[in-house]
**Student:** 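One structure, as structure tokens, below. Some questions next.
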Amino acid sequence: MKTNLTSLIKLDRIPRRYYRPENEIELAAVSREEKVNTKIFESATEGSDYLAGEIVRYINRFVAEKGKCVIALGAGVSTHPAYASLIRMHKEGKVDFDKVIVYNISEFFPLAADGPSTLKRLREVLLDHIDIPAANIRSIDPEITKETMFDYCRAYEDSIEAEGGLDLVVCELGQNGSLGFNEPGSAFNSQFRLVLLGNEIRHTISSQYKVGDVPSTAITIGIDNILRSRRILTMAWGESSSDIVAKTVEGERTVAVPGSALQAHRHAKLVIDLGPADSLTRISKPWKVTSCEWDDKLIRRAIVWLCNKTGKPILKLTDKDYNDAGLGELLALYGSAYNVNIKVFNELQHTITGWPGGKPNADDSSRPERAKPFPKRVIVFSPHPDDDVISMGGTLKRLVDQHHDVHVAYETSGNIAVGDEDMMRYFLMMDKIAPEFGFDTDGYKRLSSEVRGFVDHKKAGDIDTADIREIKTMIRQAEATIACHYIGVKNDHIHFLRLPFYETGTIKKGDLSQRDVDIVKKLLTSVKPHQIFVAGDLADPHGTHKICTDAVLAAIDELKDAEWMKDCRIWMYRGAWAEWEIDHIEMAVPISPEELRFKRNSILKHQSQMENAPFLGDDDRLFWQRAEERNRATALLYQNLGLASYEAIEAFVQYHPL
């Protein structure tokens, strides 16, 4: 079973020489816009193995040179894969920790016995699995008070200096550019100190530590302390980090982006995978730093960039515009601006279709989808019980209205996203009507009493009982069923897969297993679809989308030699967090004002996911607002490029099994 196929989605679009040049001369050329030594790997797994190797190298080097190695470690979730690799290397005998001294980079304050703790997390993911002496682990004293804070902070710094200073700092680059708990606004000369935690990082902590009550303050090593270290290793994984990575590596050195302080350190390294590399010049605009391998998508990207730069639609670009922007190479290849313009214009025009399942009895040579067979059997895979309508509600309605045989498969129960208040609303109603309709049985009364008692005494971090999780699952399923009926999906075409990896009862999910993949395979083989729609929204901050997509792609990989699979196309959609870049869009489905309102109503059928949904993230907009603004923005981009003007557009990219 292949469990990480989502990490390979980008590989057919990015030539290796852009992110892993063969020699130092080529590297110097493609990375000349970068002010931090940045290592790009194809996956987080490869990057983490590299980080672990670097940590081992530094430990062995400093121990050999001076008899010990002093390290400051962060506990951010991005560090965990590197620590797992480090544990493996330790067990293989490649490194010992008996002469390593570890300082905890940061800790929550006040430190409650049952609250989140970075030291506790460090022990779980690393320290309890290696041979480091207990006396060599230095962290914040939980007995510290505000009155003793200043003196304690100075003593912590003095302790580091007494050990000869830090040899190595290992920490993640946060979503807002933070290092440790040094958030935007932290001075570059900041020292070990008490800091106020912002809403964004508190939300992240709540998700990662599975607690509701997160301290509003913490103690952290300052940026100056980090910069004094002899070596610095930091990392970021996933597409959601791409903007902050670009600001850190190529932007101005500013306190608004704490990570940009690394630009002043000669021996700092940032390790990333292809997702966070998206916005770096060598990946997003390689024509600015090297000669390019010009394929259709890269040409489209360059022309869209040029349109945005000049404020012109495609067909108004001139030879001078190309030459001024350093795109003269394209003029040499195609002879004139007009030839490139009309090529890209026609390509974008051909992505637009009102027939996402293919138009019957039509010339399909320049259409995104083939005309036959018609009607098609279609499966829309939805990670949560509302991603289908949020991400492609307009297209889903279009497929149904155009008489395709549409199935919707909800991969997870989504039960942890149902708030207790939403659940209790149903019990309040049932308690009222139970006596009237004769189902006030002893069993129902016992269930109602148990649920009420649990909710009344529920504490932050408590896992819902099995009965409550089942009730919340039923709520999500009922909402999804109503939304499907509203769209017109047949009742027996609504599938609730309830993949096992999700059913932990907590925010932290299990790993993808063959059991998950087999469930997806069973549905695929029973339907034998001509079209599959799957979530490609890898910017999902909670990771469920990625695992669900990996499950579908793994199932497809195991079935790819089946005869029916040879006539099946796989389309990836995106949802609430991001949209496909226009240079990658292969099918754009226009949505009329009426259809957009219909889509909104479909999303609103999921009542438990409105204002009370726990995973709205740091975006204050509700899901229907995000979806509409995203779809309108895509339509506006097409319009600004000189194509037809639509109310909204839903976009898709085709996935080709490897």
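The figures that follow rest on heavy atoms only: side chains count, while hydrogens, waters and symmetry mates do not.
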**Student:** If we ignore angles and hydrogens, is there a donor and acceptor under 3.5 Å between the side chains of Glu586 and Trp580?
**Tutor:** no
**Student:** Look only at the side chain of Thr318 and the backbone of Asp321, and say whether a donor-acceptor pair between them is shorter than 3.5 Å.
**Tutor:** yes
**Student:** According to salt bridge (charged side-chain N to carboxylate O under 4.0 Å, His left out), who are the partners of Arg253, at least two apart in sequence or on a separate chain?
**Tutor:** none
**Student:** Testing the 3.5 Å rule here: is there a donor-acceptor pair between the side chains of Thr351 and Tyr638?
**Tutor:** yes
**Student:** Can you check salt bridge (Lys or Arg N to Asp or Glu O under 4.0 Å) on Glu54 and Arg57, steps first, answer last?
**Tutor:** CA-CA 5 Å; Glu54 287 294 274; Arg57 184 167 70 88; 2.9 Å; yes
**Student:** Can you list the residues that meet the side-chain contact (heavy atoms from CB on, under 4.5 Å) rule with Glu34, with sequence neighbours excluded?
**Tutor:** Ser31, Thr38, Val249, Glu250, Leu280, Arg282
**Student:** Do the side-chain N and O atoms of Glu252 and Ser260 include a donor-acceptor pair separated by under 3.5 angstrom?
**Tutor:** no
**Student:** In terms of side-chain geometry, is the basic nitrogen of Arg300 or Asp296 positioned less than 4.0 Å from the acidic oxygen of its partner?
**Tutor:** no
**Student:** Just checking, is any N or O donor in the side chain of Glu650 or Thr395 under 3.5 Å from an acceptor N or O on the other one?
**Tutor:** yes
**Student:** Backbone N or O of Asn176 within a donor-acceptor pair of the Glu183 side chain at under 3.5 Å?
**Tutor:** no
**Student:** Aromatic rings Phe652 and Tyr573: how do their planes relate, parallel, tilted or perpendicular, breaks at 30° and 60°?
**Tutor:** perpendicular
**Student:** When Arg16 is tested against each of Glu22, Glu26, Glu42 for salt bridge (Lys or Arg N to Asp or Glu O under 4.0 Å), which residue passes?
**Tutor:** Glu42
**Student:** So, do Thr248 and Leu173 sit near enough that their side-chain heavy atoms are less than 4.5 Å apart?
**Tutor:** yes
**Student:** Any idea how Phe62 and Tyr58 line up, ring-wise: parallel (<30°), tilted (30 to 60°), or perpendicular (>60°)?
**Tutor:** tilted
**Student:** Is it the case that Tyr322 and Asn341 place a side-chain donor and acceptor less than 3.5 Å from each other?
**Tutor:** yes
**Student:** Could you tell me whether the side chain of Glu329 reaches within less than 4.5 Å of the side chain of Tyr334, counting heavy atoms only?
**Tutor:** no
**Student:** Got a sec, which residues hit salt bridge (charged side-chain N to carboxylate O under 4.0 Å, His left out) with Asp319, two or more places apart in sequence or on another chain?
**Tutor:** none
